[in-house]
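Data block below; observations after.
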Amino acid sequence: MSFLLPCPNCGPRSAYEFRFGGELRSRPQPAASDSEWVNYVYTRTNMNGIQQEWWYHRDGCGKWFVAERDTTSNLVEKTYWIEEIIR
Amino acid sequence: MSGKGNRLSPQASQQLNHSRSVTFYFEGRPVHALEGDTVASALLAGGRRILSRSFKYHRPRGLLCSSGDCPNCLMEIDGKPNQRSCRAPVQEGMRVLSQHAWPSLDHDVFRVIELFDRFLPIGFYYKTLHKPRLLWKIAEPIIRRLAGLGRVRDDASPAEYQHRYEHADVLIVGGGPAGMEAARQASATGAAVFLIECEPELGGHLRFETRTHKHEGKDRPGYEIARLMASATTALPNVRILVGATVFGSYEGSLVPVLQDQTLIHVRAKSLVVATGCHQYPPVFRNNDLPGVMLSRAALRLINLYGIRPGKRVAIMTTNDEGYFTALECLRKGIEIVAVVDARSTPSALPEAAELRAADLPLFTGMTIREALGSKAVSAIKIGSVADDSESSKSVTIGCDAVLLSTAWQANASLLLQSGCQLGLDRVLGQPVPVRMSPGVLVAGEVLGLRSLKEILRSGRLAGQGAAQWVYLKTNSWWDEVQELLVDARAKSTSCGIAPTGQSKNFVCICEDVTEKDLYQGVEEGFDDIETLKRYSTVSMGPCQGRMCSRTSTEICGHATAMDLGAVGTTTARPPIVPVPLGALAGPEFHPVKQTAMHYQHLKSNAQMMNMGVWKRPFLYTSVSEEYEAVRKYAGLIDVSTLGKLVVEGKDAPNLLDKIYTHWMSNLPLGRARYGVICDDSGTLLDDGTVARLASDRFYVSTSTGNIDFVEQWMKWWIAGTGWCVHILNMTAGLAAMNLAGPKSREILAGLTDLDFSSFPYMGCREATVAGVPALLLRVGFVGETGWEIHFPAEFGEYMWDALLEAGKPFNIKPFGVETQRLLRLEKKHIIVGQDTDALSNPYDVGLKWVVKLDKPDFIGRHALQKMQDQPGQNRLVGLRCLDDGRPDDGSAVVIDGQLAGRVTSARYSPHLNTYIGLAWVPAGHANPGSRIGFRANGKLHSAIVIEKPFYDPEGERLK
């Protein structure tokens with residue numbers, strides 16, 4: 001797992017400096033149905049291709065960001081703060 | 001074994017220093033060598049022919065490749081097993097032992113196994129020796145002892161390896177003519193070049209060539225060209241060169257690791273030029289593994305680098321022009337050639353061939369070797385017609401003591417494959433060539449299938465240019481230019497192949513003793529795909545990793561299944577390309593250790609220290625009973641600096657804490673602390689701690705020792721994207737903390753601070769000066785006595801520790817450690833997350849229902865916890881008190897009605913109750929107070945009773 005992750009703050013660093021935070025998903029509303037909650041808690045898309053996912057720069061700036069990584073090649077296309085896609 | 005008989009007179013091309021002799025020991029006896037020799041070359045110079053015994057049949061094996069590509073020269077050198085002696089430079093006093101032969105290399109008793117080869121066909125261990133089952137139990141250890149290579153010594157001293165990290169614009173792997181030319185070209189553009197060569201000198205195959213080429217205006221022998229180019233390359237600006245360094249893989253993120261002696265270098269390069277050359281592999285004929293049968297380049301190395309004659313009467317087998325150059329080489333050095341066997345039916349038109357004919361050398365065309373004869377070394381070969389391979393066809397026997405083979409080439413293309421490039425079989429060139437390259441990866445030299453020096457140098461220039469273009473422009477036209485080169489090369493190629501015959505003792509895989517017959521049998525048994533055939537036969541799975549056999553096995557597979565060679569495919573090349581010691585991968589041993597500000601005070605008190613993650617904590621100072629008594633009767637002091645400490649600040653801090661904790665936090669009054677639990681959205685308990693409110697927008701959060709990083713990350717993640725104004729500050733290292741607990745703690749503290757204790761209730765928090773140091777005091781009761789956690793700047797650690805102990809002296813204060821704390825909290829039935837809970841525990845099952853506030857509109861875990869309160873879990877965490885003299889332990893099994901029903905998570909002897917107590921997971925049906933359960937300790941069954949209230953001070957009177 002030696003791919004490089006370009007941290008939006010610090011630039012490209014070894015993947016081992018980071019902690020993986022899972023796929024980007026939307027949390028259901030508190031009043032959502034049971035099946036929506038079960039789906040949120042227990043199932044994942046597990047993309048074969050470009051996946052939007054969370055990473056935390058543990059050995060660096062200590063910030064969470066979103067990366068778009070191709071799961072077949074581990075090439076990270078882009079990284080950005082979550083604020084850039086959530087208004 | 002004659003002494004000097006095998007050394008030729010000193011040659012200009014040699015890498016030996018004739019004035020420096022070196023003595024090393026082989027199987028206990030001294031061997032005289034010259035500086036520059038390798039272990040194998042020195043042994044061969046002394047007349048030794050057998051270098052090892054084969055894996056399965058213990059057949060004698062001699063030098064085959066002399067380039068580190070085959071398994072024949074593996075020996076134990078200075079205690080390290082499986083060293084390639086053809087690559088190991090001799091050193092004074094070196095101790096070399098043969099492997100896998102008993103009692104000696106020359107007389108190996110286990111050769112007798114070969115007599116039973118009929119009973120040991122391919123995959124025999126799947127078919128025999130397991131009915132009855134007992135047979136395998138007996139057979140397996142025997143087989144393991146008899147097979148195998150090398151042994152790991154118990155007394156081996158740990159090697160120390162270093163790690164280095166390098167960056168380069170252009171990384172060139174291979175310092176032969178192509179690599180050096182690429183370096184020259186790339187460096188001219190100003191790119192930072194890194195050139196890596198695995199041999200001790202630059203030069204590649206030119207080092208052992210005396211054939212002349214035009215270079216810088218004159219016709220020069222190869223080795224002279226190698227030296228000129230090497231010194232020119234060394235003088236280049238911005239080119240770093242490493243020799244004796246091996247690249248062993250290509251990984252994601254352009255990571256290319258290099259192993260050089262005791263250093264592992266992680267190289268990240270913008271572009272990669274693979275100029276790793278190629279190697280020869282042997283054809284298959286009967287007894288093709290006899291000592292004396294070697295590749296033609298091995299012979300050239302022996303002659304030109306070490307001045308050793310490969311034999312006295314040499315036969316040469318070839319399918320290309322290289323064989324003729326080799327023959328001439330031997331001729332010029334005065335080595336007798338008994339035959340040149342060319343499988344091609346048209347005699348070569350080379351001037352070299354004419355020279356050989358003029359010298360009256362026996363030249364056989366259209367013939368190939370059918371068999372090598374000899375018992376411990378080759379003594380003759382039988383050759384026959386290529387066109388007619390039937391048993392009855394005529395054959396000629398030729399006496400010889402060395403056979404030089406030049407029949408097939410294989411590119412050293414592993415790095416290309418590992419970088420994602422694709423190779424395809426080029427039938428004209430007779431080897432796989434790159435068909436699709438990964439971006440930023442380029443190829444040059446013999447690895448492309450090029451043979452002539454002119455083409456090789458040109459490909460090097462193109463690659464150097466192309467690599468530099470890639471670095472600066474992220475694009476290049478290199479690939480198209482290379483195609484032209486390949487077209488020219490194909491036009492000149494004249495090699496041919498030899499069809500397999502499928503017999504036994506025709507060795508395909510010399511590492512694993514797999515013969516042609518084995519492979520045909522494997523295909524017949526149904527393993528007709530190269531992938532399954534490989535795994536069933538273990539062909540190409542030995543030390544050579546397919547370098548000597550993968551093409552041959554693919555051909556045989558194609559032949560046996562009547563499939564086109566291109567369709568058979570090849571198996572995957574995986575790193576590492578060469579064996580890499582685990583110590584090299586691990587690197588230097590760095591074990592980070594965290595010490596609290598009071599660490600040295602604990603050492604001074606002779607505390608027994610323990611590890612809690614990376615932290616060092618005092619386990620015990622004197623004894624549990626002494627420390628326990630002090631806390632319960634007087635006062636105790638414990639260093640709790642390792643607890644996580646977070647300052648959560650901002651106008652949205654209350655919102656964040658309400659979201660994260662299951663309890664209400666936004667309504668926490670100023671100056672109060674509250675116990676809180678963090679869950680995830682599945683309702684699982686993740687951590688617990690206290691939250692104290694210091695201001696309307698400032699909270700002080702504590703977490704358990706092991707979870708501080710997690711909680712900080714968790715909180716930050718939940719903030720992301722919310723737009724909340726809240727910041728997390730990790731103060732764990734900046735603040736030290738102590739817990740002063742016991743009936744006398746108030747009196748002790750009163751003497752050190754002006755705080756008004758009458759208005760400091762249980763679960764309150766105050767900022768005050770203690771012993772002159774600004775501190776935060778939390779009145780909490782983890783150990784069940786009146787007490788305060790004192791948090792203060794870490795630089796006052798030693799001073800505060802001493803101040804508290806000094807002030808407490810008249811009151812019999814004692815420091816206490818983690819072990820005593822464990823007991824004290826256990827008596828109060830306080831859980832420790834991670835000890836008493838696991839990855840499936842929820843707050844309800846551990847008795848923390850009061851901490852879950854479902855009247856909060858939303859918090860993490862709310863939905864799941866709401867469901868759980870209606871559907872309680874199958875198991876409960878309960879307190880238990882031992883009813884007999886049993887001594888449960890952390891992890892003891894809970895037994896009910898003779899069945900395993902749960903486990904004890906924490907257990908200690910309670911001085912208060914004079915019996916053992918603990919916390920345990922039990923089935924819900926047995927969780928009611930008063931239920932009897934059993935547990936297993938020291939092999940015996942004991943009984944206990946379920947307790948609901950804390951064992952000590954159940955109503956919490958002492959805390960008020």
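Below, chains carry the letters A, B, ... as their sequence lines are ordered, and counting in each starts from 1.
There is no side-chain donor-acceptor pair under 3.5 Å between B:N655 and B:D658. Between the side chains of B:D855 and B:W664, at least one donor N or O sits under 3.5 Å from an acceptor N or O. Inspection of the A:E53 and A:W55 side chains reveals an N or O donor paired with an N or O acceptor under 3.5 Å. In this model, a donor atom of one side chain and an acceptor atom of the other lie less than 3.5 Å apart for A:Y80 and A:Q52. For the residue pair A:N39 and A:T43, a side-chain donor N or O sits within less than 3.5 Å of a side-chain acceptor on the partner.
Residues of residues 9-17 of chain A lying under 4.5 angstrom from chain B, judged on non-hydrogen atoms, are A:S14 in numerical order. Taking non-hydrogen atoms and a 4.5 Å limit, the residue list of residues 61-73 of chain A in contact with chain B, ordered by number, reads A:G62, A:W64, A:S73.
Each of B:R268, B:Q713, B:Q866 has some count of heavy-atom pairs under 4.5 Å with chain A, and the biggest count is that of B:Q713. When each of A:Y56, A:Y40, A:W81, A:Y42 is scored by its heavy-atom pairs under 4.5 Å with chain B, the top score falls to A:Y56. Of the listed residues (B:S682, B:G723, B:P857), the greatest number of heavy-atom pairs within a distance under 4.5 Å of chain A belongs to B:S682. Contact tally against chain A (heavy-atom pairs below 4.5 Å) for B:D858, B:L255, B:I719, B:I728: the top residue is B:D858.
The neighbour count for A:Q29 CD, taken as heavy atoms of other residues, nucleotides or ligands under 6.0 Å away, does not exceed 12. For A:K78, the NZ atom is loosely surrounded, since the number of other residues' heavy atoms within 6.0 Å does not exceed 12.
In this structure, the side-chain hydrogen bond (donor to acceptor under 3.5 Å, both in side chains) partners of B:S419, at least two apart in sequence or on a different chain, are B:S250.
The salt bridge (Lys or Arg N to Asp or Glu O under 4.0 Å) pairs that include a residue from residues 28-51 of chain A are A:D34-B:K867, where partners are two or more places apart or lie in different chains.
Note: B:H266 and B:Y165 have parallel aromatic rings, judged against thresholds of 30 and 60 degrees for the angle between ring planes.
Between the B:T662 side chain and the B:V851 main chain, a donor and an acceptor come within less than 3.5 Å of each other.
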